[in-house]
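Given the structure is predicted, the values throughout are model-derived calculations rather than measurements. All values below come from the heavy atoms of this structure, side chains included, with hydrogens, waters and symmetry mates left out.
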Amino acid sequence: MGRAYLSLGSNIDAARWLPAAVAALRERFGALDVSPVYRSAAVGFEGPDFFNLAVGLDTELGPDALNDWLHALEDSHGRVRGGDRYASRTLDVDIVLYDDLVRQGAGHLELPRGELRHAFVLRPMADIAPDVRHPVDGRTLGELWAAFPADREPLTLDPTLALS
């Protein structure tokens, strides 16, 4: 079994797609650790705000198989592929950490995920896994968040999308 931490985001009908994705993850993987949902400005393009959260789960799938499963989840929840890399989307699910692996693979698999340098990924991850160590940096996610210049990428807690 592996321990995976995922980042989920949506800026198209997030109140529909994020709960549906969390329900599908629970159905497939069982118990989840689920962070609060945060609202943040789009990064890399002009668009509606994103709603983001993190999920921790245990899985028998390796990183590549899990990544493939998550792509199918995105597709079944309205994700349209192709076009600009930075664009609005119904659902974006990425593996941020998988155990302490450091590697890259097909389907944009990157462990640890580069977006961990952004508040919209780091803050929810620190909420559910503050003592987990970054496999390259060595600091815990809690330490990384404590050192993050929060005013650089403001987040707002969104109480309307409580998914835990």
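At a threshold of 4.5 Å between non-hydrogen side-chain atoms, the residues Leu91 and Val93 count as touching. Under the 4.5 Å side-chain criterion, counting only non-hydrogen atoms from C-beta, Leu70 is in contact with Leu25. Using a 4.5 Å cut-off on side-chain heavy atoms (C-beta onward), Tyr5 and Val132 make contact. Within the 4.5 Å cutoff, side-chain heavy atoms of Pro63 are placed close to those of Leu109. Residues His108 and Arg113 form a side-chain contact, since some pair of their non-hydrogen atoms from C-beta on lies under 4.5 Å apart. A heavy-atom distance below 4.5 Å is not found between the side chains of Val37 and Thr160. Residues Leu157 and Pro36 meet the side-chain proximity criterion, which asks for heavy atoms closer than 4.5 Å. Within the 4.5 Å cutoff, no side-chain heavy atoms of Glu115 are placed close to those of Val96.
With rounding to the nearest 0.5 Å, the separation of CZ in Arg103 from CD in Glu110 is 12.0 Å. Distance check, rounded to the nearest 0.5 Å: CE of Met1 to CG of Leu57 gives 9.0 Å.
Take Asp99 and apply the salt bridge (charged side-chain N to carboxylate O under 4.0 Å, His left out) test, not counting sequence neighbours, and it matches no residue. In terms of the salt bridge (charged side-chain N to carboxylate O under 4.0 Å, His left out) criterion, Glu27 has no residue partners (sequence neighbours excluded). Not a single ring pair (Phe, Tyr, Trp, His ring centres under 6.0 Å) links His134 to another residue, sequence neighbours left out. Under the ring pair (Phe, Tyr, Trp, His ring centres under 6.0 Å) criterion, Tyr98 pairs with no residue at all, not counting sequence neighbours.
Nearest heavy-atom pair across Asp64 and Gly105 is OD1-CA, 4.5 Å. Contact between Ala14 and Pro19 at its shortest, heavy atoms only, is O-CD, 3.4 Å. Residues Ala4 and Leu66 come closest through the heavy atom pair CB-CD2, 3.7 Å. Pairing each heavy atom of Pro135 with each of Leu97, the nearest pair is CD-CD2, 3.6 Å. Of all heavy-atom pairs between Leu32 and Arg26, the closest is CD1-CG, 3.3 Å. Residues Pro124 and Ala119 share a closest heavy-atom pair of CD-O, 3.6 Å.
Linking Ile, Leu, Val, Met, Phe, Trp and Tyr residues whenever their side-chain heavy atoms come within less than 4.5 Å places Leu73 and Val55 in a single cluster.
Under the side-chain hydrogen bond (donor to acceptor under 3.5 Å, both in side chains) test applied with Tyr38, the options Asp127, Thr156, Asp158 reduce to a single match, Asp127. Considering Asn52, Asp92, Val22 as possible partners of Leu8, the one that fulfils the side-chain contact (heavy atoms from CB on, under 4.5 Å) test is Val22. Among Leu101, Asn67, Val102, the single residue meeting the side-chain contact (heavy atoms from CB on, under 4.5 Å) criterion with Leu111 is Leu101.
Thr140 places no side-chain N or O within donor-acceptor distance of the main-chain N or O of Asp131, the cut-off being under 3.5 Å.
For the residue pair Asp49/Ser40, the side-chain donor-acceptor check at 3.5 Å is not satisfied.
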Output, in order, the C-alpha distance, side-chain angles, deciding distance and verdict of side-chain contact (heavy atoms from CB on, under 4.5 Å) for Val34 and Ile128. CA-CA 7 Å; Val34 181; Ile128 62 170; 5.8 Å; no

Pair Trp69-Leu61, side-chain contact (heavy atoms from CB on, under 4.5 Å): steps then yes or no: CA-CA 9 Å; Trp69 192 92; Leu61 299 176; 4.3 Å; yes

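In summary, the aromatic rings of Trp17 and Phe51 are positioned with their centroids too far apart to meet the 6.0 Å limit.
Evaluation of the salt bridge (Lys or Arg N to Asp or Glu O under 4.0 Å) test over residues 145-154, restricted to residues two or more places apart or in two chains, returns none. Pairs engaging residues 135-159 under the ring pair (Phe, Tyr, Trp, His ring centres under 6.0 Å) rule: Trp145-Phe148 [sequence neighbours left out].
A salt bridge links Arg28 and Glu60; the closest N-O separation between the charged side-chain nitrogens and carboxylate oxygens is under 4.0 Å. By the 4.0 Å N-to-carboxylate-O rule, Arg3 lies too far from Asp100 to be salt-bridged with it.
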